[in-house]
**Q** 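Before we start, here is the structure in question, set down as structure tokens.
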2 protein chains.
Amino acid sequence: MSTIKEVASLAGVSPATVSRVMNGEVPVAEKTRQRVEDAMQRLGYRPNSFARSLASNRSDCIGLVISHLAGPFMGTMMVNLEERLRLNQKSLLVSSGHNELSREMESIDFLMSRRCDGLLVQSDRLSDDALIALATEIPLVVINRLVPALASQCSYVDNQRGSYLATRHLIQQGHCHIACITGPLWKQDAAQRLAGFRQAMAEAGLQVPEAAVIEGSWQESSGRIAVDTLRQRNLHFTALAVGNDDMAIGAMMRLQALGLNVPRDVSLVGFDDEVYAHYVTPGLTSVHVPVDRMAQAASGRLLSLAYDEPWEGERCFATHLVERGTVAPPP
Amino acid sequence: MSTIKEVASLAGVSPATVSRVMNGEVPVAEKTRQRVEDAMQRLGYRPNSFARSLASNRSDCIGLVISHLAGPFMGTMMVNLEERLRLNQKSLLVSSGHNELSREMESIDFLMSRRCDGLLVQSDRLSDDALIALATEIPLVVINRLVPALASQCSYVDNQRGSYLATRHLIQQGHCHIACITGPLWKQDAAQRLAGFRQAMAEAGLQVPEAAVIEGSWQESSGRIAVDTLRQRNLHFTALAVGNDDMAIGAMMRLQALGLNVPRDVSLVGFDDEVYAHYVTPGLTSVHVPVDRMAQAASGRLLSLAYDEPWEGERCFATHLVERGTVAPPP
DNA sequence: AATAAACATGAAAGCGATTACATTACTGCC
DNA sequence: GGCAGTAATGTAATCGCTTTCATGTTTATT
């Protein structure tokens, strides 16, 4: 492996000049640049990233902390993040929080000790304050969550509006007895989606009885259970607004198992528009989340923070309803 | 940010000793170690990873090249890889091949220029020779593929056996007219799965007409199309062995749309046992792939190669059939 | 108690880049 | 042609750690 010195002496210049050619900021005479580039070529020179980082105090690495790497969006998320970062020659270091606060914090710690130039964080568990504190230590962008004090460093989805749209759609079809299955309400997105539901109901002058809201776990199984709970409560409902597709599918399967027809007896909307939303029969009507654009925005923003690049992108992303077959007028 | 020198002088030792305490390989007197650790604690010292890498010529980073980050297994894959690596204080650098050979090669190049200590590669496009050449340059483990010349550095699934089991299951139910929808046959796993199908058929003395094998694209849509093609060919079949779950689901939906009943009219087995395999009705019988164990093995093996750690793990992972509702005796 | 062996520590030379500062080489202007 | 001013390049210090080699300190051996 050749070094900058070898390149320099082959090109007949000093190492400093070679460095300047590489980094391109400082002007170098065209003739010199040519000679240096030839030398680099001939030697198959590759700058040593360790030395470079040590001297410049930049790692050219961006850390990504994800509360659960196997989550539904993470694939799409990462493809887009990585693509944007690579455009700028930055590497992506990933670390999973394995669904636990303590491990999430360890992850952050670990990435900081690696001296990443910036951090992308997708976390439900970390408090706003923890994130605000973190942002003072390192360029930070929060993914899929709005931290008000850090608004310009967040990339998130308009969950409330999405859920509002979904619920309104049910109402427009004539439903007035709509129950709601939410995600864990301590999570921001779950709470916002519930808020959207309530907003649409209120706007239509419809009551939302206590019993009509059930807090699930995002898991398919909790959708099944929620249906049973609703029936035990003797709650009359002709439609279900569900916080995500997995629970919606769970609910749907349970309804069908109980001999009910979707959408004839009960209508259903999900949220997330997962790839498999149309694998069920009938296809699940759901709210689409533009994960790809959110990811691109997040990485763009982080680059702007970490390397003073220009930036004019969105922070909040709109959702839209994708109609399939689970919604019909009430019986 | 404090440096090793500051720690050293606070502890009243030389920087060398501090280094030895950190790295733990060389014996240090208990008393000294204690003083050094106190000093590190008091200063909140964090070793500078750049300097460390530069001096030791080790990055403590492992690169992961994935042909397509959003693929079905990648979530599970990454959780497990990351977890194992973190145990050993190694970071995971990810890079996507974006489903193109050239970009895959760029990814590898990029990770090499970052001087990763080792590489995990999941690639269909790279040739065996390319991988063999790569393995001479850097510790390498190939994921989900067997390169014979690199057998001990591969972590893969027994696709043939899985497909054999699935097909045998159909045969045992009494089917003798079984068609097969495969993945793109230039991919090793697709070819192996087809081989398993043929093996089971041959073993049972059943013919496999040319027309009964259809090459798909792994995509759900190609499962739909395959069903149509089979019918255009006027091929009589009572069961379908499908190369993956997505195509199986596509086929199933098409069959149902054509008014056929699964499994009464046509039986169906998939492969991969994706989370959503039971979202369809009836639940898809499929072959389970132990992605988690394969990932753990891959990372363990790579650690052993890159850092001379001990290693005694498996290379080839067995699959097993998960029975749900898409298989029944022929009409 | 003397000697060898083992052990613990320190001194200092890198590792390979970046960059502030000094120096040299041009340019245009009078 | 000489001088100022700018542009291009070189010099050398620096980043913070690891590691070899040398030195000093114990511990065992007889």
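Side chains included, hydrogens not; waters and symmetry mates left out as well; all remaining heavy atoms used. Everything numeric here is computed off the predicted structure, so don't read it as measured data.
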**Q** Which residues pass the side-chain contact (heavy atoms from CB on, under 4.5 Å) test with Asn80(A), sequence neighbours left out?
**A** Thr76(A), Asp292(A), Ala295(A), Gln296(A)

**Q** Extract, from 5' to 3' on DNA chain D, the first and final nucleotides lying under 4.0 angstrom from some heavy atom of chain A.
**A**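 Boundary nucleotides touching chain A, in 5' to 3' order, are dA8(D) to dG16(D).
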
**Q** What residues form a side chain to side chain donor-acceptor pair (under 3.5 Å) with Ser304(A), not counting sequence neighbours?
**A** Arg301(A)

**Q** Tell me, do Phe73(B) and Met294(B) make a side-chain contact under 4.5 Å, heavy atoms counted?
**A** no

**Q** Side-chain donor-acceptor contacts of residues 31-47 of chain A below 3.5 Å, not counting sequence neighbours, with atom names and distances?
**A**
| residue | atom | partner | partner atom | Å |
| --- | --- | --- | --- | --- |
| Arg35(A) | NH1 | Ala11(A) | O | 2.8 |
| Arg46(A) | NH2 | Asp109(B) | OD1 | 3.1 |
| Arg46(A) | NH2 | Asp109(B) | OD2 | 3.2 |

**Q** Can you list every pair that meets side-chain hydrogen bond (donor to acceptor under 3.5 Å, both in side chains) and has a residue in residues 127-137 of chain A, with sequence neighbours left out?
**A**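 Applying side-chain hydrogen bond (donor to acceptor under 3.5 Å, both in side chains) to every pair that reaches into residues 127-137 of chain A, excluding sequence neighbours, yields Asp128(A)-Arg145(A).
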
**Q** I'd like to check the side chain to side chain donor-acceptor pair (under 3.5 Å) partners of Arg315(B); sequence neighbours left out, ordered by chain and number.
**A**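 Side chain to side chain donor-acceptor pair (under 3.5 Å) check on Arg315(B) returns nothing, list empty.
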
**Q** Name the one of Val121(B), Leu119(B), Leu150(B), Leu302(B) that satisfies side-chain contact (heavy atoms from CB on, under 4.5 Å) with Val141(B)?
**A**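 Output: one option passes, namely Leu302(B).
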
**Q** Residues in side-chain contact (heavy atoms from CB on, under 4.5 Å) with Leu101(A), at least two apart?
**A** Met105(A), Arg125(A), Leu126(A)

**Q** Taking side-chain contact (heavy atoms from CB on, under 4.5 Å) as the test, write out the residues that go with Arg86(A), two or more places apart.
**A**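 With sequence neighbours excluded, Arg86(A) shows a side-chain contact (heavy atoms from CB on, under 4.5 Å) to Glu82(A), Ser95(B), Glu106(B), Ser107(B), Phe110(B), given in chain and number order.
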
**Q** Estimate the overall bend of the helix from dA1(C)-dT30(D) to dC30(C)-dG1(D) from the end axes over five pairs each, rounded to 10 degrees.
**A** 30°

**Q** Donor-acceptor pair, Asp117(A) side chain versus Asp60(A) backbone, under 3.5 Å?
**A** yes

**Q** Between the protein and nucleotides 14-17 of chain C, list every N/O to N/O distance that falls short of 3.5 Å.
**A**
| residue | atom | partner | partner atom | Å |
| --- | --- | --- | --- | --- |
| dA17(C) | OP1 | Tyr45(A) | OH | 2.6 |
| dA17(C) | OP1 | Asn48(A) | N | 2.8 |
| dA17(C) | OP2 | Ile4(A) | N | 2.2 |
| dA17(C) | O5' | Tyr45(A) | OH | 3.3 |

**Q** Measure from the side-chain N and O atoms of Ser59(A) to the backbone N and O of Arg115(A), and report whether any donor-acceptor pair falls under 3.5 Å.
**A**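 A pair under 3.5 Å: yes.
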
**Q** Please produce a list of atom pairs where a protein N or O lies less than 3.5 Å from an N or O of nucleotides 7-11 of chain C.
**A**
| residue | atom | partner | partner atom | Å |
| --- | --- | --- | --- | --- |
| dT9(C) | OP1 | Thr32(B) | OG1 | 2.2 |
| dT9(C) | OP2 | Ala29(B) | N | 2.9 |
| dG10(C) | OP2 | Ser14(B) | N | 2.8 |
| dG10(C) | OP2 | Ser14(B) | OG | 3.1 |
| dG10(C) | OP2 | Thr17(B) | OG1 | 2.7 |
| dG10(C) | N7 | Arg20(B) | NH2 | 2.6 |
| dG10(C) | O6 | Arg20(B) | NH1 | 3.3 |

**Q** Could I get the full list of side chain to side chain donor-acceptor pair (under 3.5 Å) partners for Glu309(A), not counting sequence neighbours?
**A**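 In terms of side chain to side chain donor-acceptor pair (under 3.5 Å), with neighbours along the sequence ignored, Glu309(A) is linked to Asn88(A).
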
